[in-house]
Amino acid sequence: MIRMTNVSKKYPNGVTAIKDLSLTIESGEFAYIVGPSGAGKSTFIKMLYHQLRATSGKIEVAGFDLIGMKDRDVPYLRRKIGVVFQDFKLLPRLTVFENVAYAMEVIEAQPQAIKDRVLEVLELVGLKGEIRRFPNELSGGEQQRVAVARAIVNQPEVLIADEPTGNLDPETSDGIMDILEAINQRGTIVLMATHNKQMVNERTHRVLAIEDGRLVRDEKEGDYGYED
Amino acid sequence: MIRMTNVSKKYPNGVTAIKDLSLTIESGEFAYIVGPSGAGKSTFIKMLYHQLRATSGKIEVAGFDLIGMKDRDVPYLRRKIGVVFQDFKLLPRLTVFENVAYAMEVIEAQPQAIKDRVLEVLELVGLKGEIRRFPNELSGGEQQRVAVARAIVNQPEVLIADEPTGNLDPETSDGIMDILEAINQRGTIVLMATHNKQMVNERTHRVLAIEDGRLVRDEKEGDYGYED
Amino acid sequence: MKTRTLKRHLNDSFKSLKRNGWMSVAAVSAVTVTLLLVGIFFAMIFNFNKISQDIENDVHVRVMIERGTTSKQKDQLQKKLEKIAAVKDVTYSSRKKELNKVVGSYGQSFKMFTGDDNPLYDVYTVSTTKPSQTIKVAKHAKQLKYVYDATYGGNNAKKLFKVMSSVRKWGIGFTLLLLFVAVFLISNTIRITILSRRDEIGIMRLVGATNAYIRWPFLFEGAWVGLLGVIIPIIIIDVGYGWVYRHMALSMASAGYSMLKPGIFLFQLDLTMAVIGIVIGALGSVISMRRFLRI
Amino acid sequence: MKTRTLKRHLNDSFKSLKRNGWMSVAAVSAVTVTLLLVGIFFAMIFNFNKISQDIENDVHVRVMIERGTTSKQKDQLQKKLEKIAAVKDVTYSSRKKELNKVVGSYGQSFKMFTGDDNPLYDVYTVSTTKPSQTIKVAKHAKQLKYVYDATYGGNNAKKLFKVMSSVRKWGIGFTLLLLFVAVFLISNTIRITILSRRDEIGIMRLVGATNAYIRWPFLFEGAWVGLLGVIIPIIIIDVGYGWVYRHMALSMASAGYSMLKPGIFLFQLDLTMAVIGIVIGALGSVISMRRFLRI
Ligand SMILES: Nc1ncnc2c1ncn2[C@@H]1O[C@H](COP(=O)(O)OP(=O)(O)OP(=O)(O)O)[C@@H](O)[C@H]1O
Ligand SMILES: Nc1ncnc2c1ncn2[C@@H]1O[C@H](COP(=O)(O)OP(=O)(O)OP(=O)(O)O)[C@@H](O)[C@H]1O
Ligand SMILES: [Mg+2]
Ligand SMILES: [Mg+2]
């Protein structure tokens with residue numbers, strides 16, 4: 001479960017990116033986060049896995065109270081959350097395989113289990129042939145898929161994806177969405193920021209619209225909702 | 001004018017990303033490059049501004065012969081080409097203003113001209129309020145717009161954009177497309193890799209489809225053409 | 001920590017060292033050059049110390065025996081001299097021998113004083129265990145029976161003492177400075193390489209690695225950098241010192257001094273360098289990354 | 001290059017230095033520590049040289065004049081001595097004075113030889129411009145008329161010569177080594193900071209900057225790092241040397257030696273450090289980035 005109560009986030013440069021935002025996402029939900037560029041979607045997401053500390057308010061994720069959390073507990077929160085970062089954040093010195101495996105190694109999984117599972121998820125995102133490559137030897141879309149693979153490899157309680165299909169063609173995007181929905185079926189919360197109007201409209205889920213740091217819309221079976 | 005003749009590109013790791021590709025783009029044309037993730041779109045684009053050297057074949061861009069080009073002539077080629085990189089490639093230690101201004105400074109433009117022009121293009125992409133920020137203080141979409149601003153600031157002969165709207169909401173994307181089309185109206189070649197099906201279908205231009213490194217489709221008034 | 005995890009950390013540290021390419025080379029060569037300097041300087045300063053001691057030890061107390069002292073009484077005196085604290089050994093030299101020495105340095109005209117005309121005294125040359133004890137021993141000896149006078153080297157020796165001891169004092173100061181510099185430079189180099197990897201460390205945190213988990217491979221990597229960096233200095237110092245030793249030994253010996261024997265000295269020096277390189281490499285690495293291990 | 005462009009480059013270099021934050025601090029402190037070492041060591045080695053020369057210069061040739069030489073003949077001899085190459089000055093000392101010296105170091109019993117009994121000779125003490133010339137001068141003097149004998153210091157002096165000259169030789173070697181090390185460490189540090197900015201350089205190339213355009217700000221930045229890095233060493237060395245000079249001068253003087261006067265010496269030393277810091281900073285920067293300026 002994710003619960004935010006009156007959360008605000010002000011960056012050191014004075015920008016208030018999230019303003020008094022409250023919402024609850026129950027276990028097993030799938031929610032889109034939509035909104036214009038610079039609305040605060042990524043800021044919102046970064047607070048959930050404690051990359052950013054909220055300036056005020058309360059945040060609760062997967063049983064952790066994120067306000068007043070000790071630094072040393074943060075890794076244990078993050079192990080319950082899979083994240084696809086908007087800028088991928090792959091480790092440049094590790095191969096595709098090692099990047100995905102790293103997320104399993106930190107929880108000290110068995111080597112054989114790591115190997116099997118990593119190959120499995122890499123196959124799922126269509127990168128089984130590229131396991132020995134380094135991130136800078138991949139196309140943008142391929143890097144994004146590695147990021148997706150890493151996020152799901154530990155079968156997290158919460159999956160947070162910041163535009164996981166921004167660099168992907170519609171077909172591959174659909175493949176990724178299939179994966180995310182399948183994970184969601186198994187009870188994982190999936191939270192996904194996206195600009196993909198068509199996808200939001202066709203695969204209906206809860207829609208959270210953020211504009212200028214405020215939650216302006218929250219619909220159970222919503223649509224993208226912005227005209228062009 | 002851009003002319004490629006039997007161009008192939010093999011990466012050091014053995015991947016042949018472009019295979020015997022030939023095409024001509026006349027001055028004043030607007031062309032989309034479409035194709036699945038990993039098809040070779042970015043590789044194709046990188047060869048045009050000589051970030052990558054073709055393994056074989058001939059490339060001619062804006063009057064430069066790119067094969068056998070001397071390293072010291074490369075900057076002069078690049079000054080005729082504006083590029084929006086898929087990963088933005090902003091200078092992390094420069095502010096938004098300075099990043100855009102840098103492209104004008106290298107051609108030793110007048111300080112006042114730089115100031116005026118940079119503010120003009122930043123206004124165009126909707127970032128006039130963020131000129132003092134550093135790239136890591138921007139949202140993904142904002143960074144992308146800075147990249148667009150930098151690409152157009154020198155009014156280049158050729159504008160190459162690798163997914164310039166991947167991180168943008170449909171409305172902002174439309175704004176960027178308006179800018180690109182306006183530039184194209186003034187005679188600049190615009191070459192744009194994209195996954196945005198709706199955009200390609202609605203704003204019809206020439207479509208070049210690349211799959212597995214080969215040019216598989218070249219239509220004057222094409223559509224995106226991939227089903228989902 | 002499970003051995004499996006330890007192995008993984010070791011493995012990761014190797015990989016990272018290799019994949020950091022030129023950065024690793026630059027870090028290793030910084031360690032190399034720094035330790036080479038330390039090694040060469042230490043070899044020099046310790047040998048300088050050794051030799052300056054040799055020189056000081058050259059200075060003895062001359063105990064002049066009153067005329068008419070019987071040889072039995074002389075033996076008594078000798079025993080007493082030998083009992084003075086800090087006296088190493090006592091050698092006898094007759095006035096005749098002494099005159100010959102004077103003749104040697106002041107000219108043949110003294111020759112006329114041979115025999116009973118000899119104005120000099122029989123002398124005990126007393127060497128001390130510590131050069132600094134010379135003055136004390138001389139004073140003590142003066143008060144003994146049958147002693148006419150007890151002198152030591154004189155003005156020149158005093159000057160030499162002063163110079164040597166101040167050079168040595170400066171040497172110690174400079175040794176400490178050099179140690180500090182070496183530690184600083186090595187850890188600073190490691191710090192810079194870590195600074196350039198802050199993003200990497202941030203990503204590790206973001207995917208759920210604990211600080212301890214992140215730290216280990218960096219610690220090992222720092223240690224490898226130190227270890228690799230120390231190899232060349234050790235080789236150069238060992239080979240070079242051996243060479244210098246062989247080539248200098250003779251001329252040194254002819255001047256009455258000797259260098260430190262390579263065996264144990266080189267072992268200690270190598271060990272010092274290895275410890276500095278490896279420990280500072282590892283610690284520098286861990287300490288530098290501390291500030292990136294928040295949030 | 002237009003002045004406008006130059007100003008821009010300078011500006012960019014400042015900005016970059018500031019915005020690189022800890023990286024700049026680390027680079028500057030590497031320079032600081034390295035040059036501090038260089039400065040202190042150079043201050044020591046040059047003073048050691050100075051003092052060892054003082055000591056060597058203490059050694060003179062003693063030219064003993066034959067008995068019965070008239071004072072006019074002595075004047076003749078003095079002139080001849082003064083004409084020998086490498087002779088600096090010649091001072092006269094009567095046999096009476098000489099005896100007093102002997103009495104001083106060999107005991108009161110020599111007192112009986114005063115007056116005509118004095119077995120010693122009148123002496124010219126000849127000092128040479130170069131200590132190494134002593135032996136030659138002595139040999140030459142021996143062959144002159146009215147000269148009974150010409151000697152120099154003797155065994156001790158020879159030993160001292162040898163030690164001093166070998167220490168000095170090693171000092172020069174070590175000075176060169178230290179210079180090399182300083183140059184290497186500074187340029188290596190700069191290299192690492194540049195390595196971590198290769199992406200930045202790549203982007204500059206991609207947006208149409210020529211290599212020259214990219215290079216200038218890096219060159220200036222390297223120079224600033226050097227300049228900032230040299231400030232603290234200069235202050236420490238200048239203040240510290242002044243302090244040491246004031247506190248040592250007296251005891252040094254009493255031993256008959258003197259340190260180098262701070263004025264010109266410190267100026268030269270500061271200049272050397274500044275040149276190393278700034279030039280190596282700038283050059284290191286430009287050289288390190290060469291390989292990133294392709295394609
Ligand atoms: N590190 C930062 N420091 C200061 N301001 C920031 C920082 N990151 C983001 N901002 C600002 O906060 C606002 C919200 O940014 P955020 O990244 O959350 O937007 P977003 O909704 O994810 O946009 P996009 O769709 O473009 O990714 C923006 O105005 C942005 O400029
Ligand atoms: N630097 C590189 N070294 C080796 N292989 C590379 C490199 N860059 C890309 N590739 C490979 O070349 C192929 C084409 O990559 P490219 O980046 O051109 O794809 P793309 O069409 O731009 O894909 P996307 O839409 O995902 O950005 C891919 O298989 C990719 O893995
Ligand atoms: Mg975002
Ligand atoms: Mg691409």
Side-chain angles (χ1 to χ4, degrees), chain C residues 21-23 26-27 29-30 33-34 36-37 40-41 44 48 51-52 55 58 64 102 104-110 112-113 119-121 148-149 151 154-156 158-160 162-163 166-167 170 173-174 177-178 180-181 184-185 188-189 191-193 195-197 248 251-252 255-257 291, chain D residues 21-23 26-27 29-30 33-34 36-37 40-41 44 48 51-52 55 58 64 102 104-110 112-113 119-121 148-149 151 154-156 158-160 162-163 166-167 170 173-174 177-178 180-181 184-185 188-189 191-193 195-197 248 251-252 255-257 291:
Chain C
W22 282 109
M23 195 69 105
S29 55
V33 167
T34 308
L36 193 60
L37 186 74
I40 292 179
F41 180 76
M44 280 168 61
F48 182 78
I51 290 168
S52 77
I55 293 178
D58 252 15
M64 290 171 240
V102 176
S105 52
Y106 282 88
Q108 300 296 321
S109 55
F110 277 99
M112 57 174 95
F113 298 105
L120 297 177
Y121 294 82
Y148 172 74
D149 200 1
T151 60
N155 216 30
N156 260 334
K158 263 196 216 155
K159 268 189 192 173
L160 198 64
K162 267 193 186 156
V163 174
S166 85
V167 168
W170 285 98
F174 198 65
L177 176 75
L178 192 66
F180 161 79
V181 167
F184 180 86
L185 286 177
N188 195 60
T189 302
R191 188 219 311 270
I192 298 179
T193 63
L195 271 171
S196 74
R197 290 166 73 184
M248 300 278 290
S251 71
M252 282 277 169
Y257 317 128
R291 108 185 69 161
Chain D
W22 282 108
M23 195 70 107
S29 55
V33 166
T34 309
L36 193 60
L37 186 75
I40 293 178
F41 180 76
M44 281 168 59
F48 182 78
I51 291 168
S52 78
I55 294 177
D58 251 16
M64 291 171 240
V102 176
S105 52
Y106 280 88
Q108 300 296 322
S109 55
F110 277 100
M112 57 174 96
F113 299 105
L120 298 176
Y121 295 82
Y148 172 74
D149 199 1
T151 61
N155 215 30
N156 260 334
K158 261 195 219 155
K159 268 188 192 174
L160 198 64
K162 265 194 188 157
V163 174
S166 84
V167 168
W170 284 98
F174 198 65
L177 176 76
L178 192 66
F180 161 79
V181 166
F184 180 87
L185 286 177
N188 194 60
T189 302
R191 189 220 309 271
I192 298 178
T193 64
L195 272 171
S196 74
R197 292 167 71 183
M248 301 277 291
S251 72
M252 281 277 168
Y257 316 128
R291 107 184 69 162

Exercise for review: Check whether C/Met23 gets within reach of chain D through its side chain, its backbone, both or neither, counting any heavy atom under 4.5 Å.
Suggested key: both
Check your understanding: C/Ile40 versus D/Leu177: any side-chain heavy-atom pair under 4.5 Å?
Key -> yes
Check your understanding: What is the minimum heavy-atom distance between C/Ile192 and D/Ala27, and which atoms define it?
Key -> CD1-N, 4.3 Å
Revision key, fill the gap. Paired with D/Leu185, the side chain to side chain contact (heavy atoms under 4.5 Å, CB included) test is passed by just one of C/Leu185, C/Thr189, C/Leu37, namely C/Leu185
Exercise for review: State, with a plain yes or no, whether a side-chain heavy atom of C/Leu195 is found less than 4.5 Å away from one of D/Ser196.
Suggested key: no
Practice item. Could you tell me how the ring of C/Phe41 sits relative to the ring of D/Phe41: parallel (under 30°), tilted (30 to 60°) or perpendicular (over 60°)? Key: perpendicular
